[in-house]
Each structure stands twice: as structure tokens, then as C-alpha cells.
Amino acid sequence: MPSEQHAIEITNLNKWFDDFHALKDINLTINQGERVVVCGPSGSGKSTLIRCINDLETHQSGKITLTDTQTNIGMVFQQFNLFPHLTVMQNLTLGPMKALGMSKADAEARAMKFLERVRIPEQADKKPRHLSGGQQQRVAIARSLCMSPEVLLFDEPTSALDPEMIAEVLDVMTDLAGDGMTMIVVTHEMGFARKVADRMVFMDAGEIIETGSPKEFFSKPKSKRCKLFLEQILQH
Amino acid sequence: MRLKNLCFLALPLLITGCASTSGTWGWYVINPNTPSGLANIKFLLNGFGATITLSIIAALLSMTIGMFVALPSISQNRWVRLPSRIYVEVIRAIPLLPMLFWVFYGLPVIFKSMGLNISIDPFWGAIITLAISDSAFTAEIYRSGIQSVSKGQTEAAKTVGLNYTQTMRYVILPQAIRRILPPLANQFIYIVKMSAFASVIGMQELTRRANELVVTEYRPLEIYSLLILEYLVLVLIISFGVRWLERKMDADESK
Ligand SMILES: Nc1ncnc2c1ncn2[C@@H]1O[C@H](COP(=O)(O)OP(=O)(O)O)[C@@H](O)[C@H]1O
Ligand SMILES: [Mg+2]
């Protein structure tokens, strides 16, 4: 269960791409251990929001406060972004060895632990391109976990996957959620959201339109835009 | 019209010249079975050393200068990029021959006006000019190689805590190198061919030696034919090397 301790506080966040206003006055506080699922139509600013949180984008006004200054933020990308020239094991040990200064043996032990966690220890010595999409995304999740993040961000982690591989990735994510990891997940997988989310966030045109518990959110959305979105997405 | 007529005239001349003994072709000048022919061949072939040395040193220098030009050119900051941009645009626009004249004949005048009595050595003058001229191209090869690695790679590196130098060293450059090496090796072929211009400032490489022999022997057709053959052999050898390198990298890739 999420604690009352804040992990991330976002206040009056505004982001422009040149003169395009991509994020408008975003206010969002995320507690430690909380699982937040962000959804909304394409182009509504979901990626931009989580990319602002982990500093991949700069913002022009407002504040993003990480309550613990040591907060490590992990990120899982839609396109996996594994390092293609390195083996799975090397993908996992690069950060711990170079950024955290761990020894090779320690980094490999840790990597193995997380590969088992995502259920592909036997793929350790392969290059990413020899793995299926679902396996690659699980490696990417393991790579983030190796950095011992306090917060894990997911940007549509299953959108680039063939349908039969979506479940294996969602299973791993559900598993992580059960461990109390703070997670912000951008996804349209509403089954996953129902099961895992503590809170739903709906965005449209750069704004947070509504937030609420999954129960309220799915049964009686307050705004028209949200209702419309849910109808469209739940149709199939 | 006139040009076309000339061609028609030249064609039979060339053909009959080969077959007849009328003197169009006079291979005796480089006939290895005669002492003078053999001496001439040796004189010409001795240019290989200078051409190869010149090309290799110029290429290494060009690769080094290119690196220093390319690194700022991938910066996010446009003011950091600007000097590299200007360097590439300007250097790339200057033909090699005028640049050689400027360095060899012009630069000493500046040195003189400063009270320095420096004359430019043809060997180093040619190397430095070739290297600078070529560095604009190597810089572009590096830049496009580095930029061909997707932005997602830099972002992933950042999310696993790597700083700029580590990202370059462990993530970007190992991927870029595969896209940099083949065009870089190709560029070496250009340097070898461009090195012929060093002859005009007195560097005794392949072309210069051919010119000198033509002046004494009056057999331009045979001597320049051999000269072209010399470059052809040299470049074909490098080409094979490049192909081999590409194949080897493809093989590594599919491992
Ligand atoms: N680097 C960029 N430059 C300019 N516009 C961008 C950039 N990144 C995103 N945008 C724009 O910002 C808006 C929000 O994008 P994004 O956050 O990717 O949306 P979502 O993830 O919700 O689909 C879109 O209209 C998109 O075109
Ligand atoms: Mg997106």
C-alpha cells in the first residue's frame, strides 16, 4: 500500500516546444509506493510529462520536486532502447559498473537476480536482437531494476509488442507493483490499470483532465472527454 | 561538332598507332629488358614510397583533426556547433590546388613579413594541406556516423546513470564506429588520388616523377599510361582492404 510520504511533487508545470504548449499547469503528487496509470489520447502530453520527470526534457515553468534528493528514477521505453552492441548481461551491468562503481562480479550477480525476476536468465549471453519483443522489453525492465530505482516510469511499454507478447510484460509489471515499487505507467492496457493502479490520471491536450481511483474512473468518469476516450478504448 | 570530328580522327590514329611501328607508341622507354628502360621504370616506381607515406600521414592527421571538428558539431548548443560548421563549409569549398599554392607560395610571404625566414618543405607542406583539406570530409563522416545512432540510445544511457563521456565511450561510439569505418576507408582512396597534386610544389611522388621523365624522354603516352596504372593498382589494393573490412564487420555484426 502506498504511504503518505511523497515521492514526487509536480506543481504548476508548464512545457513548451517552441510555441507549442505541450504541458499546461500540471499539478500531481505521487506518494511512495503508489502506482499511477496515465492515459489519454495520442499527443496529449503523456510521454512529455514522464520525460520531464526524469529530466529527458526540460520545462519552462513550475517545479518537479523529488522528495528524496537521492531518488533514482528508472525508465522503460516503448521502443525498449536496449544497447544493441552489448549482450543482455552487459546491458544490465553497464550502469551499475560505470555509474554506481560496482565490481563486475557484484553487478553480474545483481543482473542475474533481476533476469530471473523477469524470467529470462537463460538469455543472458545473447544480443538483444536475438530476443523476441516481449523478451527485449523484459530485459529493459531488468536493466532499470539493476539501478535500484525508487521510482520506475513506463512509457507505453507494450505498444510496440505483438499481441501475444503483451501479457508476459504486463505480468512482470504486475509482479513489481506487488513489491511496492513506485510506478508511473503510461498505458492503454485498461485491464492492467484496473488490477494494479492506485490512481488513474487522464490527460488531454496537455492538461490533466481528471484523476481518481480506478473504480470511480471506470464506472463514472466525470468529464465528457474522459468518457468518450474510455468508450473508444474499451470498444476493442 | 569540332570536338566530335576530332574524336573520329583520333580513334583510328590510336588503333593504327598500336599496331604499327610508326611511333605513336614507343614502349621502349619503359621496356624492362633494356637498361635504360629498366632504370626509367625503377625511377617511376620509386615514387610509391613518397605517395604512400604522404597519404598515410595526411590521412592520420585528417582523422585526428576531423575528430576535434566533429565533437563540437554534435553539441546541443548552436554556438558550440558554429565554429565547426564554418570550418567544414569553408575548408570543403576550397579546391586543393589553390590551397597548396597558398600554403607553399603565399604563407612564406606572411612569415617573412613577420620577420621569420621559414620556407615550407614540400613534403610537410603537402601533408598538412592535404590533411586540412580532407579533415572537413572526415569530420562530416564522424558527425553523420555519431548522429546515425538513435536518440533513444543516449536517453537510455542517461536513465542508467551514465554521464556524457561514458555515454559516448560505451554506448554511442561503439555503434557509430561501424558506420564510420567504411566511409573513412573510402576517404583514404581520395587522399591517395589527391596526393598527385603535391607534385606541383615539387614533392617527388608518383606524378612528379612521371612529369620529370616525360620532360627528358618525350614519351608522355607511355609514361602517363604507366602512371595511371600505378594509381589503379594502389587504389584497387585499398579497395580490396575496404571490402574485407566491411565483410569482417558484417560477420561480427551477425554474431
Ligand atoms: N521534441 C518535440 N518537439 C516538438 N513537439 C513535440 C516534441 N515532442 C512532443 N511534441 C508534441 O507534444 C505533444 C505531446 O506529445 P507526447 O507527449 O509525445 O504525447 P503522447 O505521449 O501523449 O502521445 C504532441 O503534440 C507532440 O507533437
Ligand atoms: Mg507517447
Side-chain angles (χ1 to χ4, degrees), chain A residues 47 50-58 70-87 90-102 107 110-111 114 125-130 136-137 139-149 151-155 160, chain B residues 67 70-72 74-82 141-185 244-255:
Chain A
S47 298
I50 63 171
R51 289 164 58 83
C52 280
I53 294 174
N54 72 351
D55 234 7
L56 291 179
E57 297 282 359
T58 54
Q70 297 295 306
T71 302
N72 238 323
I73 300 182
M75 171 100 166
V76 175
F77 300 87
Q78 182 176 348
Q79 301 296 341
F80 327 138
N81 292 348
L82 293 175
F83 307 129
H85 59 300
L86 301 178
T87 63
Q90 290 166 333
N91 264 273
L92 268 59
T93 55
L94 185 63
M97 283 167 65
K98 304 302 170 194
L100 306 179
M102 286 176 73
R110 177 185 281 197
F114 287 117
D125 296 321
K126 289 194 185 161
K127 290 277 177 69
R129 69 173 161 278
H130 298 302
Q136 290 190 43
Q137 192 59 299
V139 171
I141 293 172
R143 181 176 66 179
S144 309
L145 292 173
C146 282
M147 295 302 290
S148 319
V151 178
L152 209 42
L153 309 176
F154 294 82
D155 190 359
Chain B
M67 190 92 79
L71 281 177
I74 53 170
S75 163
Q76 300 289 326
N77 184 326
R78 70 161 75 184
W79 297 110
V80 177
R81 286 198 308 263
L82 190 67
I141 290 172
Y142 290 138
R143 187 182 60 78
S144 66
I146 291 171
Q147 285 179 340
S148 73
V149 179
S150 84
K151 195 162 151 255
Q153 292 289 305
T154 316
E155 294 181 347
K158 191 172 174 184
T159 63
V160 294
L162 303 191
N163 61 29
Y164 177 81
T165 320
Q166 292 169 331
T167 301
M168 273 293 161
R169 172 151 174 221
Y170 300 112
V171 177
I172 307 300
L173 292 181
Q175 294 181 64
I177 198 87
R178 291 162 191 281
R179 290 160 223 191
I180 287 173
L181 275 184
L184 209 55
W244 175 81
L245 184 76
E246 281 174 342
R247 265 203 312 275
K248 191 166 151 44
M249 276 180 7
D250 284 348
D252 286 349
E253 184 86 7
S254 54
K255 241 182 234 149

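FYI, side chains are in, hydrogens and waters are out, and symmetry mates aren't considered; it's all heavy atoms of this structure. Numbers restart at 1 for each chain; the letters A, B, ... are given by sequence-line order, proteins then strands.
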A.B. asks: If we ignore hydrogens and angles and just use 3.5 Å, is the side chain of K158(B) paired with the main-chain N or O of N54(A) as donor and acceptor?
C.D. replies: no
A.B. asks: Take I73(A) and T159(B) through the side-chain contact (heavy atoms from CB on, under 4.5 Å) test and state the conclusion after the steps.
C.D. replies: CA-CA 7 Å; I73(A) 300 182; T159(B) 63; over 6 Å; no
A.B. asks: At a 4.5 Å cut-off on heavy atoms, which part of F77(A) comes close to chain B: side chain, backbone, both, or neither?
C.D. replies: side chain
A.B. asks: Heavy atom to heavy atom, less than 4.5 Å: which residues from residues 162-172 of chain B reach chain A?
C.D. replies: L162(B), Q166(B), Y170(B), V171(B)
A.B. asks: Decide yes or no for M147(A) and P96(A): does some side-chain heavy atom of the first lie under 4.5 Å from some side-chain heavy atom of the second?
C.D. replies: yes
A.B. asks: Would you please name every residue forming a side chain to side chain contact (heavy atoms under 4.5 Å, CB included) with E246(B), sequence neighbours left out?
C.D. replies: P182(B), V242(B), R243(B)
A.B. asks: Quick one: list whatever passes side chain to side chain contact (heavy atoms under 4.5 Å, CB included) with S144(A), sequence neighbours left out.
C.D. replies: V76(A), L152(A)
A.B. asks: Answer with side chain, backbone, both or neither: which region of L82(A) has an atom nearer than 4.5 Å to a non-hydrogen atom of chain B?
C.D. replies: backbone
A.B. asks: Can you name the residues that form a salt bridge (Lys or Arg N to Asp or Glu O under 4.0 Å) with R179(B), not counting sequence neighbours?
C.D. replies: none
A.B. asks: Pick whichever of R51(A), M75(A), H85(A) has the most heavy-atom pairs under 4.5 Å with chain B.
C.D. replies: H85(A)
A.B. asks: To check you understand the geometry: which heavy-atom pair defines the closest contact between I180(B) and G145(B), and what is its length?
C.D. replies: CG1-CA, 3.9 Å
